[in-house]
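Comments concern the structure below.
Numbers restart at 1 for each chain; the letters A, B, ... are given by sequence-line order, proteins then strands. The model shown is predicted, which means the values in this text are computed figures rather than measured ones.
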Protein chains: 2
Amino acid sequence: MATSCFADRLAKHVPLSDAEKKALTRLEENPRKVRRGAMIQRVNEMVTELFVLREGRVMSFVILPDGSRQILRVYFPGDFIGSASTIYSRAPESLVALSDAIICPFDKHALRRLLEEYPRVAALLFLLSNAERVALTDRLASLGRTSAKARVASFLLDIFDRLRVTDDSITDSFDLKLTQEEIGDAIGLTSVHVNRMIRQMEQEGLISRANGRITLRDMARLEEIGHYTNRHKDMDLDWLPGME
Amino acid sequence: MATSCFADRLAKHVPLSDAEKKALTRLEENPRKVRRGAMIQRVNEMVTELFVLREGRVMSFVILPDGSRQILRVYFPGDFIGSASTIYSRAPESLVALSDAIICPFDKHALRRLLEEYPRVAALLFLLSNAERVALTDRLASLGRTSAKARVASFLLDIFDRLRVTDDSITDSFDLKLTQEEIGDAIGLTSVHVNRMIRQMEQEGLISRANGRITLRDMARLEEIGHYTNRHKDMDLDWLPGME
DNA sequence: CGATTCCTTGACAGGCATCAAGAAACGTGG
DNA sequence: CCACGTTTCTTGATGCCTGTCAAGGAATCG
């Protein structure tokens, strides 16, 4: 059976039945290519669609009245995007493609049917949205209580570990594919200061860079500096409803 | 039928069947009193329990290695607490009672049965956890991109609007029941600077205070200063699975 | 290969933290 | 119900971390 990106991702956490996989695959029936920089969803627009990201990278963000931007989340292939708009009729955040990407839009009502017919999938979605919640609180603590250097360190580690979930070939380096301005907008700094911190970490041998690729040279110290915890190691979904 | 605090809360969003209400009520079968300051859950502890808060106030937080604290969320009666630990075996955050409180602990497995038997409730929980997600991203933008004064303003408005969801008698004033240090720990400031901002807002006639009670005197300007959006107005759960 | 975006670096400024200390409010036990 | 210890609030002085402004260089894109 051809399974979807999203089904594969969920199946990494708990075994899924064929029927469940098939239902998840149906969410991805309408893939759509979008170009780097394309606006997928605009804040305050009426929304009836959600997305699964199949390829590329997408970010969610808000723009404040003074023009500054806060990036809320960076999404990778297999991620479920737009859950925020399940509960609001108007989008609370904008979505833009960070690279050329393939997104699979589906209607709220398709999600409704899925939740209705596959309670186990509903439970799983609930749990994964709680995992994302924890990711957000981690960054909240980072912004609220740590230095610029710590924020950069934990941000790099976070992206690194998230990429590694779906790509086993990654060992110590990865393509960040974010400008320093975007990094700053994600962790509450200016691009200028992000640059200073990255440069400093490079000089100290914590990381190195080569044409857009970041290599983590001293992960232990990076984790210490960033007060970073890898949350992916400690997941426990065994108590979920069993497969029939 | 005696309904629970939690069922009442959920029923504000969508009508619930009697069976659903009864199932939710069962989650609150074991109320437990806790004193102000009591630790309900310690970070990194093994967790198998979740909670419904019936009375009083509770906060979740983390302590960083340098001793600083980030308050992640303040909870009010009817809130579902500890969803973070649905997916992790060890608690990612600590829980402490901010006032004398009544909490209703229940086991992960009780939640499992609920999700299994009442898919509509599962869907509802999923949606509400997405609403909390949005609340967190709002605060993320606040910490990342706004001034101290803006953070205080939006924090006060947020607490105010959340209290009003369950208490219709509130018009323009409320008991904050948080020290200035706690406010600071929630919005990434020191207690000293929180004090300066509150004092300034008081002088400007934006708020006033009397024995622990805050009165919002100019809500329009507060919303403008804090770049605040009331999210409670725009909820739309009509597309949820229908009641049988 | 020209134009635009992105990176890099320096000088300077400002917002918020830190430290400190007294006043006020609160809680608790006698 | 008062007295006393503790917590919380308040205010000032000082300093640092990060922002702002600016400008040249590098890289990327069409």
Side-chain angles (χ1 to χ4, degrees), chain A residues 35-38 59 64 66-71 96-100 142-153 155-156 175-203 207-214 225-226, chain B residues 35-38 59 64 66-71 96-100 142-153 155-156 175-203 207-214 225-226:
Chain A
R35 307 299 295 275
R36 176 177 139 82
M59 67 173 172
L64 298 190
D66 67 352
S68 64
R69 173 176 69 175
Q70 176 66 45
I71 294 181
V96 161
L98 284 166
S99 68
D100 290 356
S142 187
L143 294 209
R145 287 296 181 227
T146 79
S147 69
K149 195 173 171 187
R151 292 187 218 176
V152 173
F155 185 73
L156 292 179
D175 282 318
L176 190 50
K177 285 182 182 160
L178 292 173
T179 67
Q180 294 178 357
E181 186 168 4
E182 284 160 350
I183 299 172
D185 286 351
I187 57 180
L189 297 172
T190 57
S191 60
V192 174
H193 207 62
V194 168
N195 182 274
R196 285 196 259 261
M197 294 300 107
I198 286 184
R199 221 111 245 295
Q200 189 186 324
M201 290 163 73
E202 207 175 12
Q203 279 177 15
I207 61 173
S208 62
R209 293 176 301 159
N211 42 37
R213 202 167 176 79
I214 303 267
I225 290 169
Chain B
R35 306 298 295 276
R36 178 176 138 83
M59 65 172 173
L64 299 189
D66 67 352
S68 64
R69 175 177 69 175
Q70 176 67 45
I71 294 180
V96 161
L98 283 166
S99 68
D100 291 355
S142 187
L143 294 209
R145 287 292 180 231
T146 79
S147 69
K149 194 171 171 187
R151 293 187 218 175
V152 173
F155 184 74
L156 292 179
D175 282 317
L176 190 50
K177 286 183 185 161
L178 292 173
T179 66
Q180 295 178 357
E181 186 168 4
E182 285 160 349
I183 299 172
D185 286 350
I187 58 180
L189 297 172
T190 58
S191 59
V192 174
H193 207 64
V194 168
N195 181 274
R196 284 196 252 262
M197 294 301 107
I198 286 183
R199 217 115 247 296
Q200 189 187 324
M201 290 163 74
E202 207 176 11
Q203 278 177 16
I207 61 173
S208 61
R209 294 177 302 159
N211 44 35
R213 204 167 174 81
I214 303 267
I225 290 170

When we call it a touch if two heavy atoms are under 4.0 Å apart, what does B/Gly188 touch: a base, just sugar-phosphate, or nothing? sugar-phosphate

* Test: A/Asp100 and A/Arg36 ion pair at under 4.0 Å -> no

Q. Given the rule in the side-chain contact (heavy atoms from CB on, under 4.5 Å) test, do A/Val152 and A/Ile225 qualify, once you have shown the distances and angles that lead to the verdict?
A. CA-CA 9 Å; A/Val152 173; A/Ile225 290 169; over 6 Å; no

In whole angstroms, the gap separating C1' of D/dT18 from CZ of A/Arg151 amounts to 9 Å

Those residues at least two apart in sequence (or on a different chain) that pass side-chain contact (heavy atoms from CB on, under 4.5 Å) with B/Thr146 are A/Leu64, B/Ser142, B/Ala150, B/Arg151, B/His227

Interatomic distance, CG@A/Leu98 vs NZ@A/Lys177, rounded to 0.5 Å, equals 10.0 Å

Note: for A/Gly212 and A/Ser147 on DNA chain D, the residue whose nearest nucleotide lies more 5' is A/Ser147

Rounded to whole Å, NE2 of B/His193 lies from C1' of D/dC16 at a distance of 14 Å

Value for CD (A/Glu182) from CE (A/Met59), rounded to nearest 0.5 Å, stands at 5.0 Å

Listing time: all N or O pairs from protein to nucleotides 4-11 of chain D that are below 3.5 Å?
residue: D/dC9; atom: OP2; partner: B/Gln180; partner atom: N; Å: 2.8
residue: D/dT10; atom: OP1; partner: B/Arg199; partner atom: NH2; Å: 3.2
residue: D/dT10; atom: OP1; partner: B/Arg209; partner atom: NH2; Å: 3.0
residue: D/dT10; atom: OP2; partner: B/Gln180; partner atom: NE2; Å: 2.9
residue: D/dT10; atom: OP2; partner: B/Asn195; partner atom: ND2; Å: 2.5
residue: D/dT10; atom: OP2; partner: B/Arg209; partner atom: NH1; Å: 3.1
residue: D/dT10; atom: O5'; partner: B/Asn195; partner atom: ND2; Å: 3.3
residue: D/dT11; atom: OP1; partner: B/Arg199; partner atom: NH1; Å: 3.2
residue: D/dT11; atom: OP2; partner: B/Arg199; partner atom: NE; Å: 3.3
residue: D/dT11; atom: OP2; partner: B/Arg199; partner atom: NH1; Å: 2.7

Value for CG (B/Leu189) from CE (B/Met197), rounded to nearest 0.5 Å, stands at 8.0 Å

Applying side-chain contact (heavy atoms from CB on, under 4.5 Å) to A/Ser99 and not counting sequence neighbours gives A/Arg57

Residues passing the side-chain contact (heavy atoms from CB on, under 4.5 Å) test with A/Arg209, sequence neighbours excluded, are A/Gln180, A/Ile198, A/Arg199, A/Glu202, A/Ile214

Outer limits of DNA chain C sitting under 4.0 Å from a non-hydrogen atom of chain B, read 5' to 3', are C/dC16 to C/dC19

Bend of the helix from C/dC1-D/dG30 to C/dG30-D/dC1 from end-axis comparison, five pairs per end, nearest 10°, comes to 60°

task = Take A/Leu176 and A/Ile183 through the test side-chain contact (heavy atoms from CB on, under 4.5 Å) and record every step on the way to the result.
result = CA-CA 10 Å; A/Leu176 190 50; A/Ile183 299 172; 3.5 Å; yes

